[in-house]
Amino acid sequence: MTYMRLNIVLVGLLGVALVMIWRVFDLHISERNFLQKQGDARTVRVEKIGAHRGMIRDRRGKPLAISSPVGSLWVNPRLLGDGVEQIELLAEFIKVDPQVVRKKLHKNKNKNFVYLKRHISPDRLKPLIDLKVPGVYVAREFHRFYPAGEVTAHVLGFTNIDDEGQEGIELAYNDWLKGKPGSKEVLKNLYGQVVKDIRPLEEARPGRSLSLSLDLRVQYHAYRELKTAVQRYKAESGSVVILDVATGEVLAMVNQPSFNPNNRAKINLDHVRNRSVTDVFEPGSTVKPFTVAAALQTGKFNVKSKIDTHPGFIRVGNNTIRDPSNRGIMEVAEVIIHSSQVGITKIALSLEAQDVWNMFNQVGFGQSTGSGFPGESTGELPNYRSWKAIDRATFAYGYGLTATPLQIASAYLTIASGGIKRPASFLKSPDVQNVRVMETHVASDLMAMLRKVVTEGTGSRANISSYTVAGKTGTVRKVSETGYQDTRHLAFFAGITPAENPRLVAVVLINDPKSKEYSGGSVAAPVFSRVISGALRLLNVPPNNIDEAV
Amino acid sequence: MSTSMAVRHHSSQKASLPFDPVLSMVTVILLVLGYVMIASATTEISARLYGSPLHLLIKHSVFVVISLCIGFLTLMVPVKRWQKIDWILLVVAFLLLIAVLIPGVGRQVNGSTRWISLGFFSIQGSEFVKLFVIVYMAGYLVRRREELLNQWAGFFKPLALVSLISILLLLEPDFGAVVVIMASVMGLIFLAGVPLGKYVGVVIVSVVTVAGAAVLQPYRLARFNAFTDPWEYQFSGGYQLTQALIAFGRGEWFGLGLGNSIQKLFFLPEAHTDFLFSVVAEELGAIGAVLVISLFGCMITRGFLIGKRAQSGGDAFAAYLAFGISFLLAIQVIINIGVNLGLLPTKGLTLPFISYGGNSLVVSCMLVAILLRIDYEQRLVAASSRDRHG
C-alpha cells in the first residue's frame with residue numbers, strides 16, 4: 001500500500017512538472033509577442049542624436065560662429081532623493097549654494113527632468129560622470145561660440161540656449177544653419193542609463209555652413225577705427241558700412257556700442273541692435289547728389305548750369321533756408337562741392353516733385369536693400385503728392401525722409417557702379433542683379449562732383465594717400481520732442497574709392513558727437529579716411545594715385 | 001564511527017559506485033548552472049550596490065565552498081546518528097526560532113526578521129528548521145507508527161508540533177517556510193499510511209488554517225490580487241510578476257544568450273535570488289527552463305526512489321527521512337518555479353542550488369548529502385546480503 005501512495009505522490013509531482021512545462025511554453029512561445037511588447041515598453045527608449053549647428057565663416061573662410069560640444073547637467077529628482085551628500089556634491093560642482101539646489105529639487109520633486117546647469121565644458125563634466133551618482137545625467141548639447149566677439153556681434157546675432165537663432169544672420173538663416181537631430185532606439189536600465197544602442201531610427205544631419213560676404217580683417221579694422229572715434233567724440237553711437245561695388249556684398253558692418261555675444265549674462269539690450277540696418281536717420285546732405293541726379297536726368301540742368309544763390313538765403317513759405325555764406329552764382333557741381341542749401345533748394349523747386357521722388361525711390365530710399373537681414377528697416381520716403389514747397393526744399397537736402405546707413409551706402413553704390421542698382425548681400429558671391437536706375441553720364445557727372453567734394457570741398461578730410469576718393473559729407477541736426485536741435489547732430493560721410501574705378505562704397509555715421517567739431521566733414525570724414533585706407537590695403541586694391549603718395 | 005569505517009572498508013571492495021551517480025550528477029549540474037546564472041545576474045547589482053561587479057559572486061563562491069565542505073561532512077554522518085539525535089535537533093530548531101525573535105539578535109531585512117547575524121555570515125534559522133523538523137518527524141513516524149495510524153492523538157501530536165513551529169515562523173514572518181514544512185510533514189504522514197478519511201479531513205483543516213493565516217496579513221491578500229491579474233496591478237503589487245513574465249516572453253526558444261538578460265538590469269527585483277529562474281528562462285529560453293525543471297524532476301524522483309529502496313530494505317527511518325527530504329526539495333522547487341511562472345502567488349522562497357543565498361545552499365547540500373548517504377548505506381546492505389548469499 002505504501003508503494004501505491006508513493007506512486008500517487010510521484011504521479012502527482014509529474015503532473016505538476018507537466019503543468020510547469022506547459023506554462024513555460026505558453027509564456028515563452030504563445031505569449032511572447034505580448035510579453036515582449038510589454039518589455040520593450042519598459043526598456044526601449046528613443047534617444048536624440050544631437051546635430052551641431054552649421055559654422056558661419058567670413059568670405060575668406062575664417063570662422064565667425066562655431067558650435068562646440070558641451071554637456072548639460074540634468075537630474076531626475078525622483079531618483080536623486082534628498083541625500084545631503086549628493087546635493088552638496090552637485091552644488092559644489094556647479095558652484096552654487098547647496099540651499100539653492102535643494103530648493104530647486106524640492107520644487108520639482110515630482111518631476112523626472114530638471115536642468116541643473118546648462119552648457120558645461122566636457123572636461124569639467126568628466127569627474128562627475130565618473131562618480132555615477134544615480135539620477136544625475138548629462139545631455140550632450142552644443143554651445144555657440146563667436147571667435148570675433150563684439151566685432152561681428154551685430155551682423156551674426158546669436159542663438160538661444162536651445163541653439164535656435166534669435167538675432168541677425170543666426171536668425172535669418174536659422175533653417176539653413178540648424179542641424180536636424182537624429183534619433184536612435186536604445187535599451188535603458190531601470191535607472192535610465194543607456195545599456196546599448198539597438199538601432200538608428202533617423203540619421204542626424206548637421207547644419208550646413210554659411211559663408212558670409214564679410215571680410216573679417218576689414219571688419220576688425222573698421223570696428224577698431226569706429227570704436228576709437230566714438231570714444232574720442234564721446235558719441236552716442238556709430239556705424240560703418242562697407243559695400244563691394246561690383247557685387248553689393250557687405251564687406252564690413254560695424255556699430256558702436258556693441259556687446260559680447262559669448263557672455264550675455266550682463267547684456268544691455270540697447271546694444272544688441274544692428275544699428276546699420278535697423279535704425280533710421282534723416283540722411284541730410286548725403287542725399288543732395290540724388291537731387292542733382294534727378295535734375296541732370298531731366299535735361300533741364302547740366303553740370304555747368306548756373307544757380308544764383310545770392311544773397312545766401314532763400315525764403316520758402318514761412319521758412320528761411322540759409323547757406324553759411326553768400327557764394328553768389330554757383331555751378332551745379334559747386335552746389336554739391338560746397339553743399340549749398342540755397343543752391344539745392346533752387347534746383348529742387350524748379351523740378352517736378354515726382355522726378356525727385358522717383359530718383360530717391362529708385363536708388364533705394366523707402367525700400368528694403370534686399371539684404372534679408374531680420375528687422376531691417378526700410379526708412380520712410382513720404383509720397384510726393386503731399387509735398388508742399390518747403391517739403392520739396394527739405395527733401396532735396398535730406399530732411400523729412402529717413403534711411404538706414406546701409407540704405408545710404410546702397411544708394412551711393414548706384415553712383416559708383418555707373419547708375420546700376422545692386423541689392424545688398426550678407427552672403428558671399430550672391431547672384432548679382434543689375435537694375436539700371438540712372439543714366440551712365442549722370443552717374444559719371446556725379447562721380448566727378450563727389451571727387452571734387454574731397455579734393456576741394458567739405459570732404460577734404462576724407463582724403464587718403466595713394467587712392468582717389470569721392471564722397472559727400474552730411475551734418476544733420478537731430479530731432480527731439482521739441483523739434484530740430486542746435487546742439488545735437490549726426491555726422492555722415494558717404495564715400496566711394498578709388499574714384500576712377502570704384503571698388504568700395506562706405507558710409508560712416510557718428511551719432512551725436514559731443515565735441516567742438518560735429519560736422520560730417522570734420523568728424524565722419526576722418527574716420528572714413530582711416531577705415532577705407534586700411535580696407536583698400538587689406539583687399540589688395542592697387543593704388544591709383546601714386547603721385548600724391550607721401 | 002567504527003561502523004562507518006567498517007562499512008567503508010566493505011564498499012571499497014565490492015560496490016563499483018558508492019554513490020547514486022544520477023543524483024550526484026544532477027546536483028553538480030544544478031550547482032554549476034546556478035553559479036553561472038548568479039554570475040550573470042549579480043554583476044550589475046553588485047556594481048551598483050557594492051561598487052564592484054564581482055562582490056556578490058565572490059561571496060557566493062565562498063558559500064559554495066562552505067556548502068560543499070558541510071555537504072561532505074554530512075555525508076560522513078551515518079543515518080542512525082540522525083535518528084539518535086532527532087530530539088536534540090528539534091530543540092535546536094526551537095532555539096533558533098526563538099533566538100531570532102529576540103531583539104538585538106535577529107536581523108531585519110525587508111520587514112522580516114529571519115537572520116541571526118554572525119558577522120560575515122548570517123544564519124537563516126528557518127532553512128535549518130526545515131531539515132531538523134523532517135529528521136524529527138521521520139524518527140517520530142518510526143517510533144509512533146501504530147499510534148499515528150490508529151489514534152487521533154498520534155495524528156495530532158506531530159501537527160501540534162508543526163503548528164507551534166509555524167506560529168514561531170509567522171512571527172518572523174516567514175510564511176514560505178511554514179508552507180514548505182507543513183506540506184512536507186503532511187506528505188510524509190500521507191506516505192506513512194494514515195487512513196485516507198482522517199487524512200483528508202486534517203488536510204482540509206490545515207489548508208484552511210494556513211489560508212486563514214495568510215488572509216490575516218493584508219499584504220498577502222494584496223499579493224493574491226496582484227497574482228490573479230498582474231497586468232492590472234503592474235505598477236504596484238503585480239510589478240515583480242509582470243517583470244518575471246516579460247523575462248519568459250523575451251527568452252523564446254533558446255533565450256537571449258548568457259549574460260544578455262535585460263530584466264536583471266534592475267527591472268526584476270530579486271533577480272539573483274527568488275526570481276533567478278526567470279533570468280534563466282530569459283537567457284536560456286524555453287529549452288533552458290524545461291531543462292532546469294527536468295533536472296529537479298530527476299533529483300526529486302531519485303530522492304523518492306532512494307526512500308523506496310530503504311523501505312524495501314527495511315530501514316523505515318532512512319525511508320521516511322528520504323521521503324521527507326524529497327518533499328522539502330519538491331515543494332520548494334514547485335513554489336519557487338510556480339511563482340516565477342505566475343502559477344502561484346508571489347512568495348519569498350529560494351530555488352535550491354540555483355538561487356543566491358548561503359543558508360539555502362548549505363541546507364540544500366546537506367539534504368542531498370543525506371540522500372546520498374541513505375543510498376550509500378542501502379548499497380552496502382545489498383552488497384553484504386549478496387556476499388552472504390553468494
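So that the names make sense, note that chain A is the first sequence line, chain B the second, and so on, each numbered from 1.
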Which heavy-atom pair separates [X] from [Y] by the least distance, and what is that distance?
X	Y	value
Leu35(A)	Leu245(B)	CD1-O, 3.2 Å
Ile29(A)	Glu252(B)	CD1-C, 4.1 Å
Ala330(B)	Leu13(A)	CB-CD2, 4.1 Å

Examine whether an atom of [X] lies under 4.5 Å from a heavy atom of chain A, and if so say whether it belongs to the side chain, the backbone or both; otherwise answer neither.
X	answer
Phe327(B)	side chain
Leu341(B)	both
Leu196(B)	both
Ser312(B)	both
Trp231(B)	side chain
Glu44(B)	neither

Might you confirm whether atom [atom1] of [X] has over 12 heavy atoms from other residues, nucleotides or ligands at distances under 6.0 Å?
X	atom1	value
Gln166(A)	CD	yes
Glu92(A)	CD	no
Lys198(B)	NZ	yes
Arg205(A)	CZ	yes

Picking from [options], which has the most non-hydrogen pairs under 4.5 angstrom with chain A?
options	value
Ala289(B), Ser294(B), Gly297(B), Ala281(B)	Ala281(B)
Gly285(B), Ala286(B), Gly338(B), Gly342(B)	Ala286(B)
Gly255(B), Gly251(B), Gly187(B)	Gly251(B)

I'd like to check [X] versus [Y] (side-chain heavy atoms, cut-off strictly below 4.5 Å). Are they in contact?
X	Y	value
Gln311(B)	Tyr3(A)	yes
Met20(A)	Ile334(B)	yes
Phe323(B)	Leu6(A)	yes

How far does [atom1] of [X] sit from [atom2] of [Y], to the nearest 0.5 angstrom?
X	Y	atom1	atom2	result
Leu187(A)	Ile262(B)	CG	CD1	4.5 Å
Tyr239(B)	Arg42(A)	OH	CZ	8.0 Å
Ile246(B)	Leu27(A)	CD1	CG	11.5 Å

Let me know if [X] has heavy atoms under 4.5 Å from chain B in its side chain, its backbone, both or neither.
X	result
Lys37(A)	neither
Asp40(A)	both
Glu31(A)	neither

For Phe190(B), does the six-membered ring have the charged nitrogen or CZ of Arg5(A) within the cation-pi criterion, i.e. under 6.0 angstrom from the centroid and within 45° of the normal?
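Ring-cation test returns yes.
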
Side-chain (His28(A)) to main-chain (Trp253(B)) donor-acceptor, under 3.5 angstrom
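No; zero donor-acceptor contacts below 3.5 Å.
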
Side-chain donor or acceptor of Arg250(B) paired with backbone N/O of Gly39(A) under 3.5 Å
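The answer is yes, because a donor-acceptor pair under 3.5 Å joins these two groups.
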
Who among Val9(A), Val16(A), Leu14(A), Ile8(A) has the most heavy-atom pairs with chain B under 4.5 Å?
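Between Val9(A), Val16(A), Leu14(A), Ile8(A), the count favours Val9(A).
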
